[in-house]
Amino acid sequence: MAPGAPPLQPGPTVGVVGLGRIGTVFVEAIRRFAPEAAVVVAGRDQARTREAAALWPGVAVADLRGVAEAADMALLCVPPEAYRGAVFAMAPAMGPEVILVSVTNAVSLDDLGRWTRQPVVKIIPSPAHAAGRGACLVTPGPRAQAQHVERVTALLQRFSRPVLTDPADSRIASNLAGCAPAILGAFCGSFLEANAARAQVFSPAELRALITESVAALAALLDQGLTFEDVVARTATPGGTTEAAIRALMTQGPALCERMVDATFHREAQLLGIPPPRPDPAEPRAAARG
Ligand SMILES: NC(=O)c1ccc[n+]([C@@H]2O[C@H](COP(=O)([O-])OP(=O)(O)OC[C@H]3O[C@@H](n4cnc5c(N)ncnc54)[C@H](OP(=O)(O)O)[C@@H]3O)[C@@H](O)[C@H]2O)c1
């Protein structure tokens, strides 16, 4: 999906607190795909934040209070353990219509609702937004009304595919939207290494280019409407080498994926300080809230 939503009128002022991995993704996405929005950023180290902000035209730098005063919506792109302090520093300076946007499942919406009187919206982004791609999960939190969700969604539509997400499915949706690029990237890296270990003539860079092109080709085929299963069926000739590789993958792949999903549920429960979920694939899961 290429970003196609019309420019926002008027363009909002978006506050980005924390210019680490995901904060940087948002600034890049907004500058590239929503130039009508103003951006004001805050970080712990003002000099470093100014240096980082100088990479993009028209990005202002402020402290937490300055972001709270200037922004129409404030994206908290800091680690979960820094949320409480950041919200307490910003909340008194925020007007009643300023939307506090959480980008993490590891701070519960209930906690955020207790720490601030602002409307809260949770979004789970993907690093793909910097390229104008990726699903962004949107969950209304305390005091968020339809108009607040619409304002956040209108911005996200400029560089992503916003998907309204019920908290009950928040974890699995986050796995498939936010985590998947990294998980698929890690798999491709391992597959690349296993092949590179047997290379005789190709350089590592040439082999990397081959799998990179394959991933882009897969995305193009999916964009044309093919399913994963279609791609497998088109590629894996019965009795051939691809089929042999997929059969090897399938001996461990499904169990491995189940373990990976379990790991995400357990880690999220740890971060939220709630009991780990009991695995029972036969029953719909009672998902961690937040
Ligand atoms: N990375 C992703 O793809 C992704 C996806 C979905 C959600 N998230 C969520 O996004 C949040 C940030 O993750 P990240 O991967 O971007 O982490 P990160 O790369 O470590 O960046 C965190 C940023 O927050 C800043 N920071 C830390 N404490 C702060 C404070 N008290 N006040 C102001 N700034 C502070 C850090 O500043 P310093 O540079 O000074 O340390 C850093 O710039 C997390 O809550 C995570 O769950 C991330």
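Start at 1 and go down the list; that is how both ligands and their atoms are numbered. Worth knowing before you read on, the calculation uses all heavy atoms, side chains too, and leaves out hydrogens, waters and symmetry mates.
By the criterion of a heavy-atom distance under 4.0 Å, both the backbone and the side chain of Pro80 are placed next to ligand 1. With a 4.0 Å cut-off on non-hydrogen atoms, Val103 touches ligand 1 through its backbone as well as its side chain.
Note on Val121: it clusters hydrophobically with Phe159, by side-chain heavy-atom contacts below 4.5 Å among ILVMFWY residues. The cluster map of Ile, Leu, Val, Met, Phe, Trp and Tyr, joined by side-chain heavy atoms under 4.5 Å apart, puts Leu221 and Ile246 in different clusters. Under the 4.5 Å side-chain heavy-atom criterion for grouping Ile, Leu, Val, Met, Phe, Trp and Tyr, Phe88 is connected to Leu109 within one hydrophobic cluster.
No N or O atom of Leu76 sits closer than 3.5 Å to an N or O atom of ligand 1. In terms of polar-atom proximity, Ala82 is not counted as a contact of ligand 1, lacking any N or O under 3.5 Å from an N or O of the ligand. Between Tyr83 and ligand 1, no N or O atom pair is found at a separation short of 3.5 Å. For the pair Ile22 and ligand 1, the shortest N or O to N or O distance falls below 3.5 Å. Taking any N or O of Asp45, backbone or side chain, none lies under 3.5 Å from an N or O belonging to ligand 1.
Closest to atom 35 (C) of ligand 1, if we only count protein heavy atoms, is Val78 CG1, 3.5 Å. The protein atom (non-hydrogen) at minimum distance from atom 27 (C) of ligand 1 is Pro79 CD, 3.4 Å. If you check which protein heavy atom lies closest to atom 30 (C) of ligand 1, you get Arg44 CG, 3.6 Å. Of the protein's non-hydrogen atoms, the one nearest atom 19 (O) of ligand 1 is Arg21 N, 2.9 Å.
Within the listing of ligand 1, atoms 5 (C), 6 (C), 7 (C) sit less than 4.0 angstrom from a heavy atom of Pro125.
Results of the side chain to side chain contact (heavy atoms under 4.5 Å, CB included) test with Arg114 over Leu112, Thr116, Asp110 single out Asp110 as the only residue that passes.
Under a 4.0 Å N-O distance rule, the pair Arg50/Asp45 does not qualify as a salt bridge. Ion pairing between a basic and an acidic side chain is recognised when a charged N comes within 4.0 Å of a carboxylate O; Arg32 and Glu28 show no such pairing.
Atoms OG1 and CG, from Thr153 and Leu164 in turn, are 7.0 Å apart once rounded to the nearest 0.5 Å.
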Are Val27 and Thr24 close enough, and set up right, to give a side chain to side chain contact (heavy atoms under 4.5 Å, CB included), and what steps lead you there? CA-CA 5 Å; Val27 176; Thr24 302; 5.8 Å; no
